[in-house]
There are 2 protein chains.
Amino acid sequence: MKNTIHVERAIRRITQADLASAVGVSRQTINALEAAKYVPSVVLAMKIANYFEKPVEAIFELGEED
Amino acid sequence: MKNTIHVERAIRRITQADLASAVGVSRQTINALEAAKYVPSVVLAMKIANYFEKPVEAIFELGEED
DNA sequence: CTTAAATGTAAAGTTTGTTTTACATTTGAA
DNA sequence: TTCAAATGTAAAACAAACTTTACATTTAAG
């Protein structure tokens, strides 16, 4: 599971804390997600995708591991 | 969180057990998902969406609760 | 250079996803 | 109607998501 959250964030010049509060999770959750430390729930994934106005697949990609 | 798994399954005339083994989870997991008893991980959601050849958003929908 | 904001990281704890086992009920085909 | 397959459900156990607190490091602006 890979994701491009930090890229999307960079484009919009948004902070981890900003995104976190926008989607209702802690900043560490966003930080850990960007570090690919774990796999989020679909709900969180969809909230993030919605926030960036992109489909889930544009931000999250299945890897070999999955 | 709503989903249309059982509809997609009906269309393809596929059993819960079939889908379960196709995406690598237990049959109870699929059953519980259809009953909306919990929210899956993005990985599982994407595997299910891929299996049905549809985007995640076509199968999973955020509700008020989320 | 200095300072504040942003980020990385880590441990402990809570909650929630997922598996396993097991059994009861429904459905469909013969 | 009978039997097998499919589905519903439930409890215990385990794994993984997510929070909280707390601190160290990096980055950017003044």
Side-chain angles (χ1 to χ4, degrees):
Chain A
M1 172 94 316
K2 274 187 190 173
N3 72 73
T4 57
I5 296 175
H6 78 286
V7 175
E8 298 295 334
R9 230 173 21 81
I11 291 172
R12 309 214 173 190
R13 293 193 177 74
I14 279 166
T15 194
Q16 291 182 341
D18 290 339
L19 176 57
S21 75
V23 301
V25 294
S26 70
R27 179 181 68 79
Q28 284 76 352
T29 293
I30 300 296
N31 187 85
L33 276 184
E34 291 192 1
K37 288 200 182 155
Y38 60 75
V39 171
S41 69
V42 220
V43 166
L44 179 49
M46 288 180 80
K47 284 181 181 173
I48 293 173
N50 285 350
Y51 181 84
F52 291 132
E53 298 176 295
K54 296 202 172 176
V56 170
E57 287 84 351
I59 296 175
F60 297 91
E61 190 182 358
L62 290 179
E64 292 295 324
E65 340 79 66
D66 306 309
Chain B
M1 172 90 321
K2 273 188 193 174
N3 70 73
T4 58
I5 295 176
H6 78 286
V7 176
E8 298 294 335
R9 226 169 29 78
I11 292 173
R12 309 212 172 191
R13 291 190 179 76
I14 279 166
T15 193
Q16 290 182 341
D18 290 340
L19 177 57
S21 76
V23 302
V25 294
S26 69
R27 180 183 66 82
Q28 284 76 354
T29 295
I30 300 297
N31 187 84
L33 276 183
E34 290 191 2
K37 288 202 180 153
Y38 60 76
V39 171
S41 68
V42 218
V43 166
L44 179 50
M46 289 181 79
K47 283 181 180 174
I48 292 172
N50 285 350
Y51 181 85
F52 290 132
E53 299 176 294
K54 296 204 172 175
V56 170
E57 288 84 352
I59 296 175
F60 297 91
E61 190 182 359
L62 289 178
E64 293 295 323
E65 338 79 69
D66 306 309

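Chain letters run A, B, ... following the sequence lines, proteins first and then strands; every chain starts at 1. Side-chain atoms are counted along with the backbone in the values below, which use heavy atoms only and exclude waters and symmetry mates. Note that the structure is predicted; figures quoted are calculated from it, not measured.
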Practice task
Give a yes/no on whether any side-chain N or O of A:T29 is located under 4.0 angstrom from OP1 or OP2 of D:dC18.
Solution key: no
In whole Å, what is the span from the [atom1] atom of [X] to the [atom2] atom of [N]?
X: A:Q28; N: D:dT21; atom1: CD; atom2: C1'; value: 8 Å
X: A:E65; N: D:dA16; atom1: CD; atom2: P; value: 13 Å
X: B:R27; N: C:dG17; atom1: CZ; atom2: C1'; value: 17 Å
X: B:D66; N: C:dT15; atom1: CG; atom2: P; value: 19 Å
X: B:I30; N: D:dT7; atom1: CD1; atom2: P; value: 11 Å
X: A:E34; N: C:dA6; atom1: CD; atom2: P; value: 14 Å
X: B:L33; N: C:dT19; atom1: CG; atom2: C1'; value: 13 Å

Handout entry: B:N50 side chain to B:K47 backbone, donor-acceptor under 3.5 Å
Key = no
Hey, could you give me the [atom1]/[atom2] distance between [X] and [Y], rounded to the nearest 0.5 Å?
X: B:L19; Y: B:I30; atom1: CG; atom2: CD1; value: 4.0 Å
X: A:N31; Y: A:Q16; atom1: CG; atom2: CD; value: 4.5 Å
X: B:M46; Y: A:L62; atom1: CE; atom2: CG; value: 4.5 Å
X: A:K54; Y: A:T4; atom1: NZ; atom2: OG1; value: 7.0 Å
X: B:I5; Y: B:F52; atom1: CD1; atom2: CZ; value: 7.0 Å
X: B:I11; Y: B:R9; atom1: CD1; atom2: CZ; value: 11.5 Å

Handout entry: Positions of residues 37-51 of chain B (non-hydrogen atom under 4.0 Å from DNA chain C), listed by number
Key = B:Y38, B:V39, B:P40, B:S41, B:L44
Completion exercise
Under a 4.0 Å heavy-atom cutoff, the residues of residues 8-19 of chain A touching DNA chain C are A:R9, A:T15, A:Q16
Handout entry: Shortest side-chain distance from A:N31, nucleotide among C:dT9, C:dT18, D:dT19
Key = C:dT9
Handout entry: Charged N-O contact under 4.0 Å between B:R12 and B:E53
Key = yes
Practice task
Evaluate the side-chain proximity of B:V39 to B:F60: yes if any heavy-atom separation is below 4.5 Å, no if none is.
Solution key: no
